[in-house]
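Heads up: the structure comes next, in C-alpha cells.
The model shown is predicted, which means the values in this text are computed figures rather than measured ones. Residue numbers begin at 1 in each chain, while the letters A, B, ... track the order of the sequences.
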There are 2 protein chains.
Amino acid sequence: MTPSMMTCVMHFGEMGSRWGFNRTVGQIYALLILSEEALCADDIGATLSFSRSNVSMGLKELQSWRLVNLVHKPGDRKEYFTTPNDMWDIVKTIIEERRKREVDPTLTLLRSTLVEPPQNEEEAYAQKRMQQMLGIIEQATSWADDIQSMDSDTLARLFKLGVGVGKVLQIGEKLTGGGK
Amino acid sequence: MTPSMMTCVMHFGEMGSRWGFNRTVGQIYALLILSEEALCADDIGATLSFSRSNVSMGLKELQSWRLVNLVHKPGDRKEYFTTPNDMWDIVKTIIEERRKREVDPTLTLLRSTLVEPPQNEEEAYAQKRMQQMLGIIEQATSWADDIQSMDSDTLARLFKLGVGVGKVLQIGEKLTGGGK
DNA sequence: CTGTAATTTCAGTAATTTCTGAAAATTGTA
DNA sequence: TACAATTTTCAGAAATTACTGAAATTACAG
C-alpha cells in the first residue's frame, strides 16, 4: 500500500458513508479495487487495522451487494476476494441493487396509496404530488433498465455522446413516433 | 395529515437516511412536498412531533441543499416553507448538490493522484484502476451537465424515449462524428 | 470421523449521530 | 430605541450504529 493508494482508500471510506455503506465497507472495497491480486480477510484486516470480525461483516455486506467475487487459491484453504475488472459492471450492479432495496419499495408504496380515492381536499393534493413522484421514478427506472441491458462498450459510447444527446432527441422522437 | 400521507412521510424518512439525509430531514421534506400550503416550523414540529430546534436544524439542512423556498405571509412574521412545483427541479437540484459535495472532491483526488508517476508495480496497477474510475465519473458528470441544461419538458421527453435510446445511439454517433 | 484452519455470529462496548431544552441572537414593529 | 416574536445555537442526553473479542460454526485434509 503506497501512500497515494491509502489516501484513495480513506477517501472512499468517507464517501461510502454518504452512499449508504459504512466507512469500513467503503475502505475495504476501495482496497480490493486497487489491488491487482485477490486479498483474503486477514490481508484486509492487517492493511486497514480492522478486527477480523469487522472485515468479515464488511465482506458479507459487499457480497450481499454482489460487488465482490470469491476465489480460491490452489492448496490454500482461505477465501480470497476480487472485484470485477470492468468498472461499468460495478456501476451497473450498484444501480441494480439500490433499485431493488430503495426504489422498488417506494414504487409499491406510492402505487398502493394512489389506488385509494382521496378522502378530502388535502389528500387530493397530496396524491397529485405522489403521482408526480411516481411518474419520475417510473421513467427513471425504465431508463435504468435500458442501461442494464446494454454492454459496457455501448454504454461508454452513449456517455461519450455527451451534449449530442440533446440534438439526438428530436430524431429519436421521429423514429419512435413519440413526442407531440 | 391523513393516514396515507403519514405513511408516505414516514417512508421517506427511512429512505432519506439511505441517501445521506437523516430521518428528520426526510420526513420534513416529504411533508412539505405533500402540503399544498406553505408550512412554518411550528406546523412541522407539531405534525411530526419534533422539537422546535430539531425542525430548525432540518430546515437549515434543506436550505443548504436549496430544496426549499422561503415565503412570507402578509401580516405574519413567521417564515413559511414550500417546495418547487416541478418535481424535475427537485431532482436536478439534488443531482447538482450531490455532485458538488461528493463527486467534485473525488475528481480532484483522482486527478491529483494520477499526475504523479507510479513508484512501483503495485501503484501502476492502482493507477490503472483509478484511471478507469476517473473516466466513468467524468463521463457521468458531463452527461449530468447536459441534463442540468435541459428544461423539464425536454428531460421528460428524453426519459419517455426509453428503449429507443439504444436505437438512437448509432444515428447520434454519425451526427457528432464520434465513435469508431 | 477427527482435528485444525478458517469464517461467522453475537453480546457487550465504543463511537458517532441525532435530538432536546435553555439561552442567545436576530428580526420586525411600535 | 425598546420590546416581543421568532429563529438559531449549542452543550448535554438519548438513540443509533459500528466495532471488538470470545465463542460457535463451518469446511476441509488426512
Side-chain angles (χ1 to χ4, degrees), chain A residues 9-10 12-32 37-65 67-82 101-102, chain B residues 9-10 12-32 37-65 67-82 101-102:
Chain A
V9 165
M10 292 305 162
F12 279 91
E14 301 308 321
M15 282 307 149
S17 63
R18 300 205 187 186
W19 274 85
F21 310 114
N22 62 33
R23 202 172 45 82
T24 310
V25 171
Q27 289 185 19
I28 292 175
Y29 202 58
L31 176 60
L32 285 173
E37 315 91 42
L39 302 179
C40 70
D42 289 320
D43 296 336
I44 296 167
T47 308
L48 302 176
S49 314
F50 296 145
S51 72
R52 183 62 186 71
S53 55
N54 198 10
V55 174
S56 177
M57 288 189 299
L59 287 170
K60 206 183 137 203
E61 172 87 355
L62 286 170
Q63 282 176 291
S64 86
W65 281 79
L67 287 171
V68 290
N69 303 123
L70 177 56
V71 298
H72 281 98
K73 295 190 177 180
D76 188 338
R77 211 141 130 184
K78 285 204 198 74
E79 296 184 321
Y80 289 81
F81 295 88
T82 61
R101 290 161 193 239
E102 292 152 30
Chain B
V9 166
M10 291 305 161
F12 279 92
E14 302 307 323
M15 284 304 149
S17 62
R18 300 204 187 187
W19 274 85
F21 310 114
N22 63 35
R23 202 171 45 84
T24 310
V25 172
Q27 288 184 20
I28 291 175
Y29 202 57
L31 176 61
L32 285 172
E37 314 91 42
L39 302 180
C40 70
D42 289 321
D43 295 337
I44 296 168
T47 308
L48 302 176
S49 314
F50 296 145
S51 71
R52 183 64 188 71
S53 56
N54 198 10
V55 175
S56 177
M57 289 189 297
L59 287 170
K60 207 184 139 204
E61 171 86 356
L62 286 169
Q63 281 176 292
S64 85
W65 281 79
L67 286 171
V68 289
N69 304 123
L70 176 56
V71 298
H72 281 98
K73 294 191 178 180
D76 187 339
R77 208 143 133 184
K78 286 205 199 74
E79 297 182 319
Y80 289 81
F81 295 88
T82 61
R101 289 160 194 238
E102 292 154 31

| Between C1' of D/dC19 and CG of A/Leu48, the distance in whole Å | 14 Å

| What integer distance in Å separates A/Phe50:CZ from C/dA15:P? | 15 Å

| request: On DNA chain D, check which nucleotide each of A/Met57 and B/Lys78 is closest to and give me the residue with the more 5' one. | output: B/Lys78

| request: Describe the nucleic acid contact of A/Arg52 in one word from base, sugar-phosphate, nothing, applying a heavy-atom distance below 4.0 Å. | output: base

| request: Considering just the side-chain nitrogens and oxygens of B/Arg23, establish if one lies under 4.0 Å of OP1 or OP2 belonging to C/dC19. | output: yes

| Euclidean distance, atom CG of residue A/Asp42 to atom P of C/dT8 [Å, nearest integer] | 12 Å

| Given DNA chain D, 5'-ward residue of the pair B/Asp76 and A/Val25, judged by closest heavy atom | B/Asp76

| Side chain of A/Glu79 (C-beta onward), nearest among C/dT8, D/dT6, D/dT9 | C/dT8

| field | Student check: side-chain heavy atoms of A/Phe81 and A/Leu70 closer than 4.5 Å | value | yes

| remark: From the candidates C/dA6, D/dT7, D/dT20, the one with an atom nearest any side-chain atom of A/Ser53 is D/dT20

| B/Ser51 side chain: which of C/dG21, C/dT9, C/dT29 is closest? | C/dG21

| Tell me: CZ of A/Arg18 to C1' of C/dT16, nearest whole Å? | 15 Å

| Just wondering, do B/Ile28 and B/Val25 contact through their side chains at under 4.5 Å, heavy atoms? | no

| said: Checking contacts here: which listed nucleotide (D/dT7, C/dC19, C/dT7) is nearest the side-chain heavy atoms of A/Ser56? | reply: C/dT7

| task | Using whole Å, report how far NZ of B/Lys73 lies from P of D/dA5. | result | 19 Å

| request: Check the distance between C/dT17's P and B/Phe21's CZ and give it to me in whole angstrom. | output: 17 Å

| query | Do the non-hydrogen side-chain atoms of B/Leu59 and B/Leu39 ever get within less than 4.5 Å of each other? | reply | no

| Sugar-phosphate only, base, or nothing, as touched by A/Asn22 at under 4.0 Å among non-hydrogen atoms | sugar-phosphate

| request: Measure the shortest side-chain to side-chain distance between A/Val68 and A/Tyr29 over non-hydrogen atoms and say whether it is less than 4.5 angstrom. | output: yes

| message | Quick check: do B/Leu31 and B/Asp43 have side-chain heavy atoms less than 4.5 Å from each other? | response | no

| task | Would you kindly give the CG-to-P distance between A/Leu70 and C/dA6, to the nearest whole Å? | result | 15 Å

| Whole-Å gap separating P (C/dA6) and CD1 (A/Ile44) | 15 Å

| said: Base of D/dA4, side chain of B/Arg77 - is there a donor-acceptor contact under 3.5 Å? | reply: yes

| Side chain of B/Asn54 (C-beta onward), nearest among C/dT7, C/dC19, D/dC19 | C/dC19

| query | According to a strict under-4.0 Å criterion, is A/Lys60 in side-chain N/O contact with OP1 or OP2 of C/dT9? | reply | yes

